[in-house]
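Order of listing sets the numbers, starting from 1, for every ligand and every atom in it. Computed from heavy atoms alone, side chains included, the values below leave out hydrogens, waters and symmetry copies. These numbers come from a predicted model, not from an experiment.
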Amino acid sequence: MARNKVTVIGAGNVGATTAQRIAEAGLADVVLVDIVEGLPQGKSLDLAEAAPVVGHDARITGTNDYADTADSDIVVVTSGLARQPGMSRDDLLAKNAGIVRAVVEQAAKQSPNAILIIVTNPLDAMCHVALKASGFPRERVLGMAGVLDSARFRTFIAWELGVSVEDTHAFVLGGHGDTMVPLSRYSTVAGIPITELIPADRLKELETRTANGGAEIVKHLKTGSAYYAPSAAAVEMVEAILKDKKKILPCAAYLQGEYGISGLYVGVPCKLGSKGLEQIIEIKLTADEQAALNKSADAVKELCTVIGVA
Ligand SMILES: NC(=O)c1ccc[n+]([C@@H]2O[C@H](COP(=O)([O-])OP(=O)(O)OC[C@H]3O[C@@H](n4cnc5c(N)ncnc54)[C@H](O)[C@@H]3O)[C@@H](O)[C@H]2O)c1
């Protein structure tokens, strides 16, 4: 029986750590692709040489050639540029849209049955680009953001209460950005709603810290952005799909009327299994939560309009 095959496009911080986590968890063989010659080859050789010590037999290939990605089960897209001095948000948006379009077209040609997990920012708009460029159904084009955002929220809740992160579950809806909607009402510690455990004003502070979680890391690092937690989050989605786990995870999914939103990628609870997106779970929102979700969707729409995909 052949092992699963996962392609990771972009051999930068997020891509390389994603490849490492997939291989070390023994989930699949990994093909690491980048536009820079030598970078994916060097990193994959280094990762392969760790295998005897770590103890796995996953094959890791580094390449600049999409032919090597043929028949992948999953393609994780992390390729993109970081914002450089003097570059506007819209310039970055257009540049990354061009990169995501190009890599997805090539990858989709080689692996027409693959499931795409998009990581490149601005996340929700890049998912839309990937949906169009691949021609795949929405079930096979998903974005990673909610798992990361809710992991950050879980971390802060666990620290606040001095409990295990494993007992802590949290939900974050909406676009990946400062308009995301952390849903405290649906967040629990060992089944107890956190609204019963943490005073409302303190909860608000944890929600705000979650929404600014990416920026907080960038402030420390000064150059570059988070990648340990983002890669862990992407790999949780990979594992849920490869193992057909039917896990309910917050992912960016293309909405067609769910939550009253159509034609946009927005973070919602999704059931992930071997077919990719197997169900969008619709939960009842209060008027305030729905308004916050709509505001978040409007922010996604604005970006999609700038790059002409909405
Ligand atoms: N969705 C999320 O929650 C989340 C979290 C963290 C990072 N990100 C995003 O993930 C992306 C990657 O972040 P990073 O820290 O790994 O950046 P990085 O700069 O370390 O890596 C990006 C890599 O993409 C490569 N690349 C550029 N153009 C390419 C092309 N046309 N084909 C193939 N490869 C190409 C670059 O050479 C580089 O190696 C960024 O857009 C970042 O904002 C998203």
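The closest approach between a heavy atom of Ile99 and any atom of ligand 1 is below 4.0 Å. For Ala102, the closest heavy-atom approach to ligand 1 does not fall below 4.0 Å.
Of the protein's heavy atoms, Val119 O, 2.9 Å lies nearest to atom 44 (C) of ligand 1. Scanning the protein for heavy atoms near atom 22 (C) of ligand 1, the closest one is Gly80 O, 3.5 Å. The protein heavy atom nearest to atom 17 (O) of ligand 1 is Asn13 N, 4.5 Å. Closest protein heavy atom to atom 42 (C) of ligand 1: Asn121 ND2, 3.8 Å. Protein heavy atom nearest atom 37 (O) of ligand 1, with residue, atom name and distance: Asp34 OD1, 2.7 Å. Closest to atom 14 (P) of ligand 1, if we only count protein heavy atoms, is Val14 CG2, 3.7 Å. In this structure, atom 33 (C) of ligand 1 lies nearest to the protein heavy atom Ile35 N, 3.3 Å. Remark: minimum distance from atom 26 (N) of ligand 1 to any protein heavy atom is reached at Ser79 CB, 3.8 Å.
Every atom of ligand 1 is numbered from 1 in the order shown, and the set under 4.0 Å from a heavy atom of Val36 is 37 (O). Those atoms of ligand 1 with a heavy atom of Leu39 less than 4.0 angstrom away are 39 (O). Residue contact check: Leu123 has heavy atoms under 4.0 Å from atoms 1 (N) of ligand 1. Here is the list of ligand 1 atoms found below 4.0 Å of a heavy atom in Pro230: 5 (C), 6 (C). If you number the atoms of ligand 1 from 1 as listed, the ones under 4.0 Å from a heavy atom of Ala226 come out as 6 (C).
With hydrogens and angles disregarded, no donor-acceptor distance shorter than 3.5 Å links the side chain of Thr69 to the backbone of Asp65. Side chain of Thr120 to backbone of Ser79: a donor-acceptor contact under 3.5 angstrom is found. A donor-acceptor pair under 3.5 Å is absent between the side-chain atoms of Asp46 and the main chain of Gly42, judged by distance alone.
For Met144, heavy-atom contacts with ligand 1 shorter than 4.0 Å involve the backbone as well as the side chain. If you look at Thr120 next to ligand 1, the close heavy atoms, those under 4.0 Å, come from the backbone and the side chain alike.
For ligand 1, none of its N or O atoms has an N or O atom of Tyr66 under 3.5 Å away. Here's the thing with Leu148: none of its N/O atoms is less than 3.5 angstrom from an N/O atom of ligand 1.
A salt bridge links Glu258 with Arg138: the closest approach of a Lys/Arg side-chain nitrogen to an acidic carboxylate oxygen falls below 4.0 angstrom. Between Arg3 and Asp29 there is a salt bridge, since a side-chain N of the basic residue sits under 4.0 Å from a carboxylate O of the acidic one.
Annotation: Tyr186 is not in aromatic contact with His169 [ring centroid separation under 6.0 Å not met].
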### Query
Does the pair Leu183 and Leu285 meet the rule for a side-chain contact (heavy atoms from CB on, under 4.5 Å), with working shown?
CA-CA 9 Å; Leu183 274 193; Leu285 300 180; 3.9 Å; yes
### Task
Just do the side-chain contact (heavy atoms from CB on, under 4.5 Å) check on Tyr66 and Thr7 with the steps written out, would you?
CA-CA 10 Å; Tyr66 282 82; Thr7 285; 5.9 Å; no
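In summary, the side chains of Thr179 and Ser296 do present a donor paired with an acceptor at a separation below 3.5 Å, with no hydrogens or angles considered.
Classification of the His128-Tyr254 ring pair by plane angle, with boundaries at 30° and 60°, yields perpendicular.
When each of Lys243, Arg21, Lys247, Lys245 is paired with Glu236, the salt bridge (charged side-chain N to carboxylate O under 4.0 Å, His left out) condition holds for Lys247 and for no other.
Note that atom 20 (O) of ligand 1 has protein non-hydrogen atoms nearby, at separations under 4.0 angstrom.
Nearest heavy-atom pair, Asn113 versus Arg140, reported as atom, atom and distance to 0.1 Å: C-NH1, 3.2 Å.
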